[in-house]
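Keep in mind that what you see is a predicted model, and the values were worked out from it rather than measured. Numbering of residues begins at 1 and proceeds along the displayed sequence.
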Amino acid sequence: MTNEELASQIITSIGGDSNVKSLTHCVTRLRFQLEDGTLFLKEQLEALTGVLGAQVKNGQYQVIVGTKVSKIYRIMVDQYPHFGMESNRPEPTDAKESIWSRLIGTLSAILIPSLPPVIGGGMLKGLIFLLTSLKLIDPVGGTYFILNLAGDAMFYFFPFLLAVSSAKRFRTNEYMALSLAGALMYPTLLDAALQGKVANISFLSVIPIPVVNYSSSILPIILAVYLFSYLYRYLEKVIPSMITVIFTPLLSLMIIVPIMLFGIAPLGFYLGEYIAKGIEVLIDFSPLLAGFVIGGTRPLLVLTGMHHAVRPLTQQQIATFGFSTMGAMNFMSTMAQATAALAISLAINNKTMKQVALSSAFSGYLGVTEPALYGVLVKYRSAFIGAAVGGGIGGGIGASLGARALAPVMPSVLSFPVYLGEAAFGFLLAFVITIVSTFILTFLLSKGMDKKKLHR
């Protein structure tokens, strides 16, 4: 089936183009907002060749198509331009939906659009580490400088990326939100923070403004845009239409920027700092247990969409400590999921599924595990158990031996050098144990547990 045919059949199975309010995508999933969710035919979608799964999460109707998601998305948007437009109508809210589900949904909506530059930058950082480790580029030369600049930019200016997606999520002016990010990253404040200078800054002579480095931060800009969205809508409503175009932006900046710099941004910054330190305390208390739990449960987190709540924590660890222990645990889980798919590809007799499992393993080793998770692990219990246990064992051993990521990269074989810091031996040992334990466990379990599926 061609990508064009698959795109057409997916649209048919979700109620046609007229049922689509908007469409976005992440690394492997098409994410629809639909007019009528009852027209989302889950079983019919999952029966399509090329669809790895379908689900409804936080008001989104998701179709998992693997690594060809961007091509299918482009086909759909080219044919139906309104798919790519953000809907201005309020999304329906399920009154029974828990606060936690709403929080996860909000984080997903804000973080997912920023994934392409983050993935690109993370992979580039891994490649830079690899090239410098092999002495193929000079770490003080111009080539290194330019590549490192390209890899660092999206993390250094992360508040700008989040400002745009936060504004879309909270339905407010994106360019005003970017202005708030600009205030957080204002060179004078940023330079003072980076140099450790405590400047005597006060607003109205009585309100102290903390000098903080907000680059790579997450919560400050999200909280600021959230508050701004309410103020901006209120001002647009009460200010006469003849002058609102002037006074709404003016008053918004005059009110929000001081409040943001005095209260919201520092609150978000220090909240993130203490969360990172709290995670580190738990890991220090029992690194073996913490690593096993985080490494072993990641497949479940991805299935439920809760892995988006973990991503900011990993980023916050790096921003606070300069490294991430959770990054190494996630790496072990990623390698375990890819290895479980590889083991199934060798145990299975069905040629079609053998090809799916092998290609899923390949993409998994490159950091994209959804094809392995939805195409193999959810279909074969032996693979799911093998990946969970193997990832848990590797994560626990790695955490016990101090394995860590030195940069915010995708867990991938290409980003391998990023984990080769002070605890390189611990990381390498955990990596080998993850691969071996996952493969052996999956292969042995598959002999009995999945016998019918393996031979059909």
Verdict with supporting geometry, Tyr365 and Leu342, side-chain contact (heavy atoms from CB on, under 4.5 Å)
CA-CA 10 Å; Tyr365 286 124; Leu342 177 63; 3.8 Å; yes
d(Leu180 CG, Ile256 CD1) to nearest 0.5 Å is 7.0 Å
Could you tell me if the side chain of Phe262 sits less than 4.5 Å from the side chain of Leu267, heavy atoms only?
no
Can you tell me how far apart CZ (Arg171) and NZ (Lys168) are? Round to the nearest 0.5 Å.
12.5 Å
Which pair of non-hydrogen atoms, one from Ala224 and one from Met260, has the smallest distance, and what is that distance?
CB-SD, 3.5 Å
Could you state the interatomic distance from NZ (Lys354) to OG (Ser345), rounded to the nearest 0.5 Å?
6.0 Å
For Leu445 and Ser382, which heavy atoms make the closest approach, and how far apart are they?
CB-CB, 3.6 Å
Atom CZ of Phe362 with >12 non-hydrogen neighbours under 6.0 angstrom
no
Rounded at 0.5 Å granularity, tell me how far OG in Ser324 sits from CE in Met329.
8.0 Å
Do the ring planes of Tyr226 and Phe170 sit parallel (below 30°), tilted (30 to 60°) or perpendicular (above 60°)?
perpendicular
Any chance you could measure Leu161, atom CG, to Phe157, atom CZ, to the nearest 0.5 Å?
10.5 Å
Counting distance only, does the side-chain N/O of Thr334 pair as donor-acceptor with the main-chain N or O of Asn330 below 3.5 Å?
yes
What I'd like to find out is whether the side chain of Gln60 reaches to under 4.5 Å of the side chain of Gln33, using heavy atoms alone.
yes
Taking side chain as C-beta onward, heavy atoms only, is Leu300 less than 4.5 Å from Phe384?
yes
Could you tell me whether the side chain of Tyr380 reaches within less than 4.5 Å of the side chain of Ile348, counting heavy atoms only?
yes
As a quick check of understanding, evaluate side-chain contact (heavy atoms from CB on, under 4.5 Å) for Asp138 and Thr143, giving each step before the final call.
CA-CA 8 Å; Asp138 184 359; Thr143 301; over 6 Å; no
Which atom of Ile222 lies closest to which atom of Ser166, heavy atoms considered
CG1-OG, 3.6 Å
Do the rings of Phe228 and Tyr232 sit parallel, tilted or perpendicular, given the 30° and 60° boundaries?
tilted
Where is the tightest heavy-atom contact between Leu377 and Ala340, given as atom of each residue plus distance?
CD1-CB, 4.3 Å
Leu6 backbone acceptor or donor facing Gln9 side chain under 3.5 Å
no
So does Glu4 have more than 12 non-hydrogen atoms from other groups sitting under 6.0 Å from CD?
yes
Going through the checks in order, is the side-chain contact (heavy atoms from CB on, under 4.5 Å) test met by Ile344 and Ser446?
CA-CA 8 Å; Ile344 290 296; Ser446 68; 4.3 Å; yes
Does any N or O in the side chain of Arg381 come within less than 3.5 Å of the main-chain N or O of Lys379, such that one atom is a donor and the other an acceptor?
no
Between Gly386 and Leu441, what is the shortest heavy-atom contact and its length?
CA-CD2, 3.9 Å
Ser179 side chain to Tyr175 backbone, donor-acceptor under 3.5 Å
yes
Listed partners of Ser360 passing side chain to side chain donor-acceptor pair (under 3.5 Å), at least two apart:
none
Apply ring-ring contact (aromatic ring centres under 6.0 Å, His included) to residues Tyr419 and Phe331 and explain how you reach the verdict.
CA-CA 9 Å; Tyr419 304 90; Phe331 178 91; 4.7 Å; yes
Determine the minimum heavy-atom distance between Leu184 and Pro220, stating which atoms define it.
CD1-CB, 4.3 Å
Side-chain donor-acceptor pair under 3.5 Å between Gln337 and Ser333, yes or no?
yes
Any sub-3.5 Å donor-acceptor pair from Thr132's side-chain atoms to Lys135's backbone N or O?
no
Side chains of residues 426-435: which donor-acceptor pairs under 3.5 Å do they make with residues two or more places apart or in other chains?
unit_1 : atom_1 : unit_2 : atom_2 : d
Thr434 : OG1    : Ala430 : O      : 2.7

What's the separation between atom CG in Leu231 and atom CD1 in Ile259, rounded to the nearest 0.5 Å?
7.5 Å
Verify side-chain contact (heavy atoms from CB on, under 4.5 Å) between Ile11 and Tyr80, making sure each step is shown before the conclusion.
CA-CA 10 Å; Ile11 292 172; Tyr80 306 103; 3.4 Å; yes
